[in-house]
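Treat the numbers as computed from the prediction; the structure is a model and nothing was measured. Chain naming here is simple, since letters A, B, ... match the order of the sequence lines and numbering starts at 1 in each.
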Amino acid sequence: MHPYRTHTCAQLSSANVGETVRLSGWIHRKRDHGGVLFVDLRDHYGITQIVADSDSPALPVLEGLRVESVITIEGEVKARVAETVNANLATGAIEVFARGVTVQSAAEELPMPVADEQPYPEDIRLKYRFLDLRRETLHKNIMTRVAVIADMRQRMAAAGFNEFSTPILTASSPEGARDFLVPSRIHTGKFYALPQAPQQYKQLLMVAGFDRYFQIAPCFRDEDPRADRLPGEFYQLDLEMSFATQEEVWETMEPVIQGTFAAFAGDKKVTPAGEFPRIPYDEAILKYGSDKPDLRNPLIISDVSHHFTQSGFGLFEKIVGGGGVVRAIPAPATHEKSRKFFDDMNDWARKEGYAGLGYVTRKGGEFGGPIAKNHGPERMAELYAELGLGENDGLFFAAGKAADAAKLAGAARIRVGEELGLIDESRFALCWIVDFPFYEWSEEEKKVDFSHNPFSMPQGGIDALNGQDPLTIKAYQYDLVCNGYEIASGSIRNHKPETMVKAFEITGLTQADVEERFGGMYRAFQYGAPPHGGMAAGVDRIVMLLCGAKNLREITLFPMNQRAEDLLMGAPSAPEPRQLRELSLRVVEPPVKPVGGA
RNA sequence: GCGGGUGUAGCUCAGUCGGUUAGAGCGUCGGCCUGUCACGCCGAAGGUCGCGGGUUCGAGCCCCGUCACUCGCGCCA
């Protein structure tokens, strides 16, 4: 007989009744009735009930063990009588009567419960992550993650992509996020950088003629985290295609993404492959106030500036007259809503740092609120007719400079949609946001800068760079968005050296700068580079969406906390003096703050 | 770096208008219990009300500061 187990804790059924078996696992729960004792024995696969009574030598041993101790049970499979069958348990028709027990590892009193999934403080969960990972939800989420990644690999291979591993110790990339640096021992004073993404390597693979690349790639960025952005490191489904147009990237990836989503979506509907809406960036900003719109929210923002060029409502007239805009967010069927609902929205907007959120109420055709009063009912009716709104629909207004108004309108659209329960939770709504601007005006640096990826191809190529106002140039650049999350980003790359140099010149870099900073790629493009493009999808975010988790820590094995510390392993930690000496490094403590502390 | 929220037992939380000895459930520990499956019953331990200062006859509650956690902004080509 196997020393530890003949079956897993999910395997036994009525078919095994009468067999002598051996099971190993953790004591999930213990119900001690004095003369008879039940143990829910748990392993990765499931739970089986163990029973021991005064006839069993196992009884006194089990009585003395704490939950989460690891034991091996030898005993007989018994059918449960009808009244004691547990329909909630896969193995609920049987139980194992313990004849013997071996304690493999006794557990101390637990710092956090495993069987009980009540919320627990983040720092304790992270410090005792091995216990947290035993808990059902997290354990299941991690297995979903594993399965999602396996599924992606399969689909990518089936689509003709080859998986390559690219270096982890590489060169710092001067653009973009803050790098993690790794000191070089051999080269005093020099550092490797961990890749923020395998961007340059995958482009080099295309130049090297490999045609279709993908990788489940670890990426490292030293930036502050968010609920949907892990500190330090994360994974991307990274891919690149030679001789591909952006339409071809979309057409290739829609079945992969849709397929993986559908495979793990359960009852939820997924936007069919081939039907992902393609929304130009400018349109997204206008209609949704965001470049990552949640299409489950039916509300559409409209520009209504032209209604207020002359208005009794002086504030909007002034804003429009000064080159600003007025955007309208519908609040359908809000005739029953109290004034407080509308005022609370305005308070919220002010709290978020905006000037305020105006509103019009409407009840049975009757307009209400200061804006309607000053603007006049006839002109309000005109505006409502244009927007196709009904006699019980309210309306919010975001006014100001175009970018600010769009941002506020976008935030208000989300909030109104949530408050009114308009979000369709039963689906994954996918779309492409396309035609991103190539450049943007950097207010801090007072110059034109790349708005996203400097390696992407400007629409119109070098002619556009030479002849067009840079701020009007679009890029062959796109994001994939699901339910308000950016889950992938990509572009057709700029593979022409002279276009690359020109593109950087507009941001103030010289040809020498480009050659120095992107030497490898610049050189590669001199010797025959195929037109190419691709994208990178956030594996963590996709798994989070599929698990219905609100936080990336719920789908990550060993995440760091918000201050980028690994509380389990104790990273980061101070190096040994010897290590610093080998690296010719010395730590210079930052000046201590004069007051405060503890 | 900045802003919001939170901070009371190991955990989740309650604590009225500022008023005597700060409570409950879960967990832990001890006892009882032969059919439970979130077992049940009895009992016990467990508190610097995050920390510091202030107002007050009196502060968990009010004020100021600070720290931690968290969400967001900045940042994230």
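An OP1 or OP2 oxygen of B/rC39 is reached within less than 4.0 angstrom by a side-chain nitrogen or oxygen of A/Arg29. Contact annotation: A/Arg31 side-chain N/O to B/rC39 OP1/OP2 distance is under 4.0 Å. Within the structure, a side-chain polar atom (N or O) of A/Asn551 is placed less than 4.0 Å from OP1 or OP2 of B/rC71. Between A/Lys407 and B/rG74, a side-chain N or O to OP1/OP2 separation shorter than 4.0 Å is present. At least one side-chain nitrogen or oxygen of A/Arg563 sits closer than 4.0 Å to the OP1 or OP2 atom of B/rC69. Checking the phosphate oxygens (OP1, OP2) of B/rG74, no side-chain nitrogen or oxygen of A/Arg226 falls inside 4.0 Å. At the phosphate of B/rC71, OP1 or OP2 sits under 4.0 Å from a side-chain N or O atom of A/Arg553.
Rounded to a whole angstrom, the distance from the C1' atom of B/rU28 to that of B/rG65 is 38 Å. Taking atom P on both nucleotides, B/rC62 is separated from B/rG10 by 23 Å, rounded to a whole Å. Comparing the C1' positions of B/rG50 and B/rC61 gives an interatomic distance of 16 Å, to the nearest angstrom. Atom C1' of B/rC39 sits at a distance of 10 Å from the matching atom of B/rC33, rounded to the whole Å. Taking atom P in both B/rU21 and B/rG60, one finds a spacing of 11 Å when rounded to whole Å. Atom P of B/rC73 sits at a distance of 32 Å from the matching atom of B/rG15, rounded to the whole Å. The same atom, P, is picked in B/rG4 and in B/rC63; the two are 14 Å apart, to the nearest Å. When the C1' atom is compared between B/rC42 and B/rG52, the two are found 44 Å apart, to the nearest whole Å.
Looking at heavy-atom distances under 4.0 Å, A/Arg80 makes contact with a base. If you check every strand for non-hydrogen atoms under 4.0 Å, A/Asp228 touches nothing. Note on A/Tyr120: only backbone sugar-phosphate atoms sit closer than 4.0 angstrom, heavy atoms only; bases stay farther off. Within the nucleic acid shown, A/Glu95 comes within 4.0 Å of at least one base atom, counting heavy atoms only. Backbone-only engagement by A/Glu122 is indicated by non-hydrogen atom pairs under 4.0 Å involving sugar-phosphate atoms exclusively. As judged by a 4.0 angstrom heavy-atom cut-off over every strand, A/Asp32 is placed among the base-contacting residues. Among the atoms of the strands shown, none is found under 4.0 Å from any heavy atom of A/Lys78. Residue-level contact check: A/Arg125 touches neither bases nor backbone, having no heavy atom under 4.0 Å from any strand. Among the atoms of the strands shown, none is found under 4.0 Å from any heavy atom of A/Ser456.
With centres under 5.5 Å and a plane angle under 30°, the ring of A/His33 is stacked against the base of B/rC39.
Figure legend. B/rU21 is base-paired to no nucleotide; pairs are counted as Watson-Crick or G-U wobble with both atom distances under 3.5 Å. Using N1 to N3 plus N6-O4 or O6-N4 for Watson-Crick, or N1-O2 and O6-N3 for G-U wobble, each under 3.5 Å, B/rG1 pairs with B/rC73. Pairing for B/rA44 is with B/rU28, a Watson-Crick or G-U wobble pair whose two hydrogen-bonding atom distances lie under 3.5 Å. Checking B/rC33 for Watson-Crick or G-U wobble geometry (two distances, each under 3.5 Å) identifies no partner in any strand. When Watson-Crick and G-U wobble pairs are counted only if both distances are under 3.5 Å, B/rC49 pairs with no nucleotide at all. Across all strands shown, B/rU6 pairs with B/rA68; the Watson-Crick or G-U wobble distances both stay below 3.5 Å.
Salt bridge A/Arg125/A/Glu554: present, at least one basic N to carboxylate O contact under 4.0 Å. At a threshold of 4.0 Å, the pair A/Arg229-A/Glu223 does not count as salt-bridged, since none of the basic side-chain nitrogens sits closer than that to a carboxylate oxygen. Between A/Lys202 and A/Asp238 there is a salt bridge, since a side-chain N of the basic residue sits under 4.0 Å from a carboxylate O of the acidic one.
For B/rG35, its base never sits under 3.5 Å from the side chain of A/Asp53 at any donor and acceptor pair. Looking at A/Arg221, its side chain has no donor and acceptor atom pair within 3.5 Å of the base of B/rC75.
Taking atom CG on A/Asn561 and atom P on B/rC71, their separation rounds to 11 Å, with Å as the unit. Here B/rC11 presents its P atom at 15 Å from CG of A/Asp132, a figure rounded to the nearest Å. The CZ atom of A/Arg229 sits 12 Å away from the P atom of B/rC71 (whole-angstrom rounding). Atom-to-atom, CG of A/Leu37 to C1' of B/rC32 comes out at 15 Å; the value is rounded to the nearest Å. Look at CG on A/Leu110: it is 8 Å from P on B/rU28, rounded to the nearest Å. In this structure, A/Ile47 places its CD1 atom 18 Å from P of B/rU36, rounding to the nearest Å. The separation between A/Asp123 atom CG and B/rG50 atom P is 16 Å, rounded to whole Å. Atom P of nucleotide B/rU6 and atom CD of A/Gln562 are separated by 17 Å, given to the nearest angstrom.
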A/Glu68 and A/Arg42: salt bridge (Lys or Arg N to Asp or Glu O under 4.0 Å), yes or no, with the steps? CA-CA 9 Å; A/Glu68 295 305 311; A/Arg42 184 196 73 237; 2.9 Å; yes

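For A/Tyr439 and A/Phe450, the ring centers sit closer than 6.0 Å to each other.
With RNA chain B read from its 5' end, the first of the two nearest nucleotides for A/Ser451 and A/Ser54 is the one closest to A/Ser54. For the pair A/Ile124 and A/Gln199, both in contact range of RNA chain B, the more 5′-proximal nearest nucleotide belongs to A/Ile124.
Taking every side-chain heavy atom of A/Val51 into account, B/rG35 is the closest of B/rC71, B/rG35, B/rC76.
Residues A/Arg99 and A/Glu76 are in side-chain contact: their nearest non-hydrogen atoms beyond the backbone lie under 4.5 Å apart. Between A/Tyr120 and A/Pro113, the closest side-chain pair of non-hydrogen atoms falls below 4.5 Å. A heavy-atom distance below 4.5 Å is found between the side chains of A/Arg80 and A/Asn86.
Cation-pi geometry between A/Lys78 and A/Phe97 is met: under 6.0 angstrom from the ring centre, within 45 degrees of the axis.
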